[in-house]
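Throughout, a chain's letter reflects where its sequence line sits, starting with A, and its residues are numbered from 1.
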Number of protein chains: 2
Amino acid sequence: MMSKQPNISFGEYIRQLREDRNLPLRKIAAELDIDTSTLSKIEKNERNANEQIIERLSKIFSIDKADLKVRYLSDKITYQLLDEEDGIEILKVAEQKIIYHKQQQLQ
Amino acid sequence: MMSKQPNISFGEYIRQLREDRNLPLRKIAAELDIDTSTLSKIEKNERNANEQIIERLSKIFSIDKADLKVRYLSDKITYQLLDEEDGIEILKVAEQKIIYHKQQQLQ
DNA sequence: TAATTTTGGACAATAAATGTCAAAACAAAT
DNA sequence: ATTTGTTTTGACATTTATTGTCCAAAATTA
């Protein structure tokens with residue numbers, strides 16, 4: 001389970017990591033091999049990250065990659081359901097379906 | 001809460017509704033104002049439905065629209081997380097985020 | 001076998017995401 | 001207040017994904 005600040009967004013989280021270390025966008029963007037402007041947008045949740053970016057961010061900041069991925073994907077799902085009436089129930093049903101599929105995979 | 005067969009997919013579900021009534025794709029597709037082939041693909045989860053289609057399906061089959069939407073969106077989320085290691089945890093975190101946002105909206 | 005239904009592939013048109021750049025806005029200020 | 005560095009914003013071309021549509025083959029049923 002994630003320990004701290006589960007309700008901070010993915011973008012806010014990596015911005016926090018970066019600012020804690022007093023690093024400019026320029027530096028991290030270079031390490032990620034993306035444009036400064038793209039990283040700025042990722043930190044403002046206006047652009048998507050991807051597997052490679054998450055991988056590299058986890059290395060740069062020495063954090064768990066799986067944890068970062070959870071933050072990223074949970075954000076995306078949250079965003080998809082934010083305007084839905086039955087967001088919570090949709091998640092519950094999705095959970096049952098995933099459990100069911102996992103079960104099927106074992107057979 | 002949805003009562004029956006929560007683990008059947010959206011496509012399988014509406015196919016079942018249709019076949020229970022012995023109706024051809026042609027007829028339902030006409031009512032939905034979409035191509036027969038598109039409806040076939042929706043029933044095989046190879047194409048997306050949308051708000052209008054869900055709305056009309058719920059009327060055609062006299063079922064609850066919200067329920068149908070839960071089926072549809074939970075399917076989409078399930079599909080997104082099916083290959084993820086931490087699918088369940090991602091959903092839990094998303095749930096917390098949604099609850100948090102809902103809470104914020106009230107203030 | 002004929003009639004009907006269903007499927008799969010193809011295609012253009014539309015929409016969404018991506019990578020890139022340049023200029024504007026902001027902050028350091030000392 | 002002008003410089004210096006950072007961040008944000010918008011624009012744009014390119015790529016990728018989705019949509020609507022048609023048709024022919026495959027499958028099903030009569």
Side-chain angles (χ1 to χ4, degrees), chain A residues 8-58 60-61 68-69 71-84 90, chain B residues 8-58 60-61 68-69 71-84 90:
Chain A
I8 203 179
S9 76
F10 176 81
E12 287 166 339
Y13 180 61
I14 64 173
R15 168 151 296 185
Q16 200 168 95
L17 290 170
R18 180 176 64 80
E19 290 183 341
D20 285 351
R21 291 161 175 75
N22 283 317
L23 295 167
L25 286 169
R26 176 175 48 80
K27 285 228 168 196
I28 306 297
E31 290 201 63
L32 296 174
D33 195 27
I34 60 176
D35 200 275
T36 303
S37 129
T38 301
L39 180 54
S40 166
K41 285 163 190 160
I42 290 173
E43 289 188 349
K44 305 177 97 239
N45 303 302
E46 289 168 0
R47 284 253 177 152
N48 291 327
N50 59 38
E51 189 70 26
Q52 190 183 47
I53 289 173
I54 291 171
E55 166 84 30
R56 292 188 183 178
L57 283 171
S58 74
I60 292 169
F61 295 123
L68 200 52
K69 210 166 166 184
R71 284 181 186 273
Y72 177 68
L73 291 174
S74 64
D75 251 34
K76 292 205 83 175
I77 287 172
T78 300
Y79 179 73
Q80 287 177 64
L81 298 182
L82 219 46
D83 295 329
E84 293 299 330
I90 288 163
Chain B
I8 203 177
S9 75
F10 177 80
E12 287 166 339
Y13 181 61
I14 61 173
R15 169 150 296 186
Q16 198 168 95
L17 290 170
R18 182 175 63 79
E19 291 183 340
D20 284 351
R21 290 160 176 74
N22 283 318
L23 295 166
L25 287 169
R26 177 175 48 81
K27 286 229 169 196
I28 306 298
E31 290 200 63
L32 296 173
D33 196 26
I34 61 177
D35 200 273
T36 303
S37 131
T38 301
L39 180 55
S40 167
K41 285 161 191 159
I42 290 173
E43 289 188 350
K44 304 176 98 237
N45 303 302
E46 290 167 1
R47 284 254 176 150
N48 291 328
N50 60 38
E51 190 70 26
Q52 189 182 48
I53 289 173
I54 290 171
E55 167 85 30
R56 292 188 183 179
L57 282 172
S58 73
I60 292 169
F61 295 123
L68 201 51
K69 211 167 167 184
R71 285 180 185 272
Y72 177 68
L73 291 173
S74 64
D75 251 34
K76 292 204 83 173
I77 286 172
T78 299
Y79 179 74
Q80 287 177 64
L81 297 182
L82 219 45
D83 295 329
E84 293 298 330
I90 289 164

Quick one: [atom1] on [X] to [atom2] on [Y], what's the gap to the nearest 0.5 Å?
X	Y	atom1	atom2	value
I90(B)	L73(A)	CD1	CG	4.5 Å
I42(B)	Y72(B)	CD1	OH	8.0 Å
I53(A)	I14(A)	CD1	CD1	8.5 Å
E55(B)	I60(B)	CD	CD1	10.5 Å

Could you give the angle between the helix axes at the two ends of the helix from dT1(C)-dA30(D) to dA29(C)-dT2(D), with five pairs per end, rounded to 10 degrees?
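The helix from dT1(C)-dA30(D) to dA29(C)-dT2(D) shows an end-to-end axis angle of 50°.
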Which residues pass the side-chain hydrogen bond (donor to acceptor under 3.5 Å, both in side chains) test with R47(B), sequence neighbours left out?
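With sequence neighbours excluded, R47(B) shows a side-chain hydrogen bond (donor to acceptor under 3.5 Å, both in side chains) to no residue whatsoever.
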For S40(A), which residues count as a side-chain hydrogen bond (donor to acceptor under 3.5 Å, both in side chains) partner, sequence neighbours excluded?
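side-chain hydrogen bond (donor to acceptor under 3.5 Å, both in side chains) check on S40(A) returns nothing, list empty.
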Shorter than 3.5 Å, N or O on both sides, protein versus nucleotides 1-6 of chain C: list them out with atom names.
{"from": "dT5(C)", "atom 1": "OP1", "to": "R26(B)", "atom 2": "NH2", "distance (Å)": "2.6"}
{"from": "dT5(C)", "atom 1": "OP2", "to": "R26(B)", "atom 2": "NE", "distance (Å)": "3.0"}
{"from": "dT5(C)", "atom 1": "OP2", "to": "R26(B)", "atom 2": "NH2", "distance (Å)": "3.2"}
{"from": "dT6(C)", "atom 1": "OP1", "to": "R18(B)", "atom 2": "NH1", "distance (Å)": "3.1"}
{"from": "dT6(C)", "atom 1": "OP2", "to": "L25(B)", "atom 2": "N", "distance (Å)": "2.6"}

Listed pairs, N/O of protein and of nucleotides 27-30 of chain D, under 3.5 Å:
none

Taking all atoms of both residues into account, what is the closest heavy-atom pair of F10(A) and A49(A), and its distance?
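Closest pair (atom of F10(A), atom of A49(A), distance): CE2-CB, 3.9 Å.
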Listed by chain and number, what are the side-chain contact (heavy atoms from CB on, under 4.5 Å) partners of E12(A), not counting sequence neighbours?
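So E12(A) forms a side-chain contact (heavy atoms from CB on, under 4.5 Å) with I8(A), S9(A).
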How would you list, by chain and number, every residue that makes a side-chain contact (heavy atoms from CB on, under 4.5 Å) with Q52(A), sequence neighbours excluded?
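Partners of Q52(A) under the side-chain contact (heavy atoms from CB on, under 4.5 Å) test: N50(A), R56(A).
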dG8(C) C1' sits how many Å from I42(B) CD1, rounded?
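Distance check: I42(B) CD1 to dG8(C) C1' gives 16 Å.
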What integer distance in Å separates L39(B):CG from dG20(D):C1'?
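So the two atoms are 14 Å apart, to the nearest Å.
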Could you pull out all residues at least two apart from [X] that satisfy salt bridge (charged side-chain N to carboxylate O under 4.0 Å, His left out)?
X	result
E19(B)	none
K76(B)	none
E46(A)	K44(A)

Please tabulate, one pair per line, all N/O donor-acceptor pairs under 3.5 Å involving side-chain atoms of residues 24-34 of chain A, not counting sequence neighbours.
none

In B/S/- notation, 5' to 3', how is nucleotides 14-23 of chain C contacted by protein heavy atoms closer than 4.0 Å?
----BBBB--
